[in-house]
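Data first, discussion second: the structure below is written as structure tokens.
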2 protein chains.
Amino acid sequence: MNALFKALNDEVRRDILTLLKSSDLSAGEIADHFAIGRPTISHHLDLLRQAELVTSEKKGQYIYYSINTSVLDEVLKWIYTLGEEKDHKYIRPKGLHIKTTKK
Amino acid sequence: MNALFKALNDEVRRDILTLLKSSDLSAGEIADHFAIGRPTISHHLDLLRQAELVTSEKKGQYIYYSINTSVLDEVLKWIYTLGEEKDHKYIRPKGLHIKTTKK
DNA sequence: AATTTATTTCGATATTTGTCGAAATATAGA
DNA sequence: TCTATATTTCGACAAATATCGAAATAAATT
């Protein structure tokens, strides 16, 4: 939970996740989208990996990163329970597909 | 969005929110739940207020804090859109009441 | 008016964090 | 094997953050 919120508490890292939602990318391809150095991107990717928000796989010379949104269920659940007892009912943004059955 | 994630990126502040979900509390009552100094709690409350996660109202000598979960809709929406295009369907934790209609 | 109580603001400090350039590691291709 | 490319690790540094005690502010009580 801590690692998760820590990972999300950075604009660059959130943007990386947004990038990865469309397709898997190599570290270099990710870095190309930002005006900061590659070692810094590497560090951000490391934090995302620690939070299990991304996975990485080496393919030859490249390392490809993929997003893993399943760990965000925990965050969602925490937010839900917060709103629960205060009579705030969260809205479901239209066009999204939320599974209501058990996992 | 930035202030929101920043506010959530701290165990103490998340615990304060959890406390406030049951009932409004004065700054002192909140501080009594933690082993850290009152100035520190005051600072945490300030960050929560900046993120609009809490509101405060002065009543005589005391300042009462209330949780405001509505701003978390933005976070929820962001998380939803992340999962959307990766075929991850978020589960709804059982026992929770999520309004599926428009607000 | 003086004192007590509740809370915040201030100034200082130690830790964490984001960033960089240089060096290290590893794979690919000549 | 040598060189080029991709990525990470390392060491350093500046900025941000969590924390504290002391002082300031404000309301309540005597």
Side-chain angles (χ1 to χ4, degrees), chain A residues 1-20 22-68 71 75 78, chain B residues 1-20 22-68 71 75 78:
Chain A
M1 196 72 158
N2 242 313
L4 215 40
F5 277 114
K6 178 194 282 194
L8 294 175
N9 184 32
D10 184 276
E11 186 86 45
V12 172
R13 289 193 291 271
R14 290 196 300 271
D15 286 347
I16 290 175
L17 291 177
T18 301
L19 271 180
L20 290 178
S22 305
S23 64
D24 297 347
L25 295 173
S26 70
E29 290 171 322
I30 294 170
D32 287 343
H33 286 81
F34 300 92
I36 59 183
R38 272 133 214 270
T40 303
I41 295 292
S42 193
H43 175 242
H44 283 310
L45 289 170
D46 188 41
L47 289 181
L48 287 171
R49 196 170 25 207
Q50 279 176 43
E52 294 182 83
L53 279 163
V54 302
T55 57
S56 62
E57 193 185 355
K58 187 154 197 171
K59 280 188 177 157
Q61 206 174 5
Y62 303 90
I63 301 181
Y64 282 93
Y65 284 86
S66 312
I67 195 173
N68 171 38
V71 290
V75 175
W78 185 81
Chain B
M1 197 70 158
N2 241 313
L4 215 41
F5 277 114
K6 176 194 283 193
L8 294 176
N9 184 32
D10 184 278
E11 186 85 45
V12 172
R13 290 194 290 271
R14 290 195 300 271
D15 286 348
I16 290 175
L17 291 176
T18 302
L19 271 180
L20 289 177
S22 305
S23 64
D24 298 347
L25 295 173
S26 70
E29 289 172 321
I30 293 170
D32 287 342
H33 286 81
F34 299 92
I36 58 183
R38 270 133 215 268
T40 304
I41 295 293
S42 193
H43 174 243
H44 283 309
L45 289 170
D46 188 43
L47 289 182
L48 288 170
R49 196 170 25 207
Q50 279 176 43
E52 295 182 81
L53 280 164
V54 303
T55 58
S56 62
E57 194 186 354
K58 185 155 198 172
K59 280 189 178 155
Q61 205 174 5
Y62 303 89
I63 301 180
Y64 282 92
Y65 284 85
S66 312
I67 195 173
N68 171 37
V71 290
V75 175
W78 184 80

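Note on naming: letters A, B, ... go to the chains in the order of the sequence lines (proteins, then strands), and numbering restarts at 1 for each one. Since the model is a prediction, treat every value here as computed from it, not as a measurement.
In this structure, the side chains of B/L53 and B/I67 stay at 4.5 Å or more apart for every pair of heavy atoms. The shortest distance between side-chain heavy atoms of A/L8 and B/W78 falls below 4.5 Å. Looking at B/R13 and B/L45, their side chains never come closer than 4.5 Å, going by heavy atoms from C-beta outward. Taking 4.5 Å as the limit, some side-chain heavy atom of A/I16 sits within range of a side-chain heavy atom of A/L48.
Counting any heavy atom pair closer than 4.0 Å across all strands shown, B/Y65 reaches sugar-phosphate atoms only and no base atom. Backbone-only engagement by A/K6 is indicated by non-hydrogen atom pairs under 4.0 Å involving sugar-phosphate atoms exclusively.
Nearest heavy atoms, B/L20 versus B/Y65: CD2-O, 3.4 Å.
For D/dA6, the OP1/OP2 oxygens have no side-chain nitrogen or oxygen of A/S26 closer than 4.0 Å. Residue A/T40 places at least one side-chain N or O closer than 4.0 Å to OP1 or OP2 of C/dC20. When the side-chain nitrogen and oxygen atoms of A/R13 are compared with OP1 and OP2 of C/dG18, one or more of them lie within a distance under 4.0 Å.
With distances taken from any side-chain atom of A/R38 to the nucleotides C/dT27, D/dA28, D/dT8, the minimum falls on D/dT8. Checked against D/dA18, C/dT19, D/dA26, the side chain of B/K58 finds its nearest nucleotide in D/dA26. Among C/dT7, D/dT7, C/dT5, the nucleotide with an atom closest to any side-chain atom of A/I63 is D/dT7. Among the nucleotides D/dT8, D/dA6, C/dT19, the one closest to any side-chain atom of A/Y62 is D/dA6. In this structure, the nucleotide among C/dG18, C/dG21, C/dT8 sitting nearest to the side chain of A/D10 is C/dG18. Counting only heavy atoms from C-beta on, B/Q61 has its side chain closest to D/dA27 among C/dG18, D/dA27, C/dC20. For A/P39, counting side-chain heavy atoms from C-beta on, the closest listed nucleotide (C/dA28, D/dA27, D/dT8) is D/dT8.
In this structure, the CG atom of B/D32 is 14 Å from the P atom of C/dT5, given to the nearest Å. Between the NE2 atom of B/H43 and the P atom of D/dT17 there is a distance of 8 Å, rounded to whole Å. As a whole-Å value, the separation of A/F34 CZ from C/dG18 P is 14 Å. With rounding to whole Å, A/I36 atom CD1 is found 13 Å from D/dT8 atom P. Rounded to an integer number of Å, the gap from A/N2 CG to D/dA18 P is 12 Å. Between B/E11 atom CD and D/dT19 atom P the separation is 11 Å, expressed in whole Å. Between A/I41 atom CD1 and C/dC20 atom C1' there is a gap of 13 Å when expressed in whole angstrom units. A straight line from CG of B/D15 to P of D/dA18 spans 14 Å, rounded to a whole angstrom.
The residues B/K6 and A/D10 are annotated as not salt-bridged, no charged nitrogen and carboxylate oxygen being separated by less than 4.0 angstrom.
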Checklist entry - Should B/T55 and B/R49 be marked as a side-chain hydrogen bond (donor to acceptor under 3.5 Å, both in side chains) after you check the CA-CA gap, both sets of side-chain angles, and the distance that decides it? => result CA-CA 6 Å; B/T55 58; B/R49 196 170 25 207; over 6 Å; no
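Nucleotides of DNA chain D nearest to A/Y64 and B/V12 differ in position, and the one nearer the 5' end is that of A/Y64.
Remark: A/H44, A/L47 in residues 44-56 of chain A come within less than 4.0 Å of DNA chain C through at least one heavy atom.
Environment of CD in B/E29: crowded, with over 12 heavy atoms of neighbouring residues, nucleotides or ligands closer than 6.0 Å.
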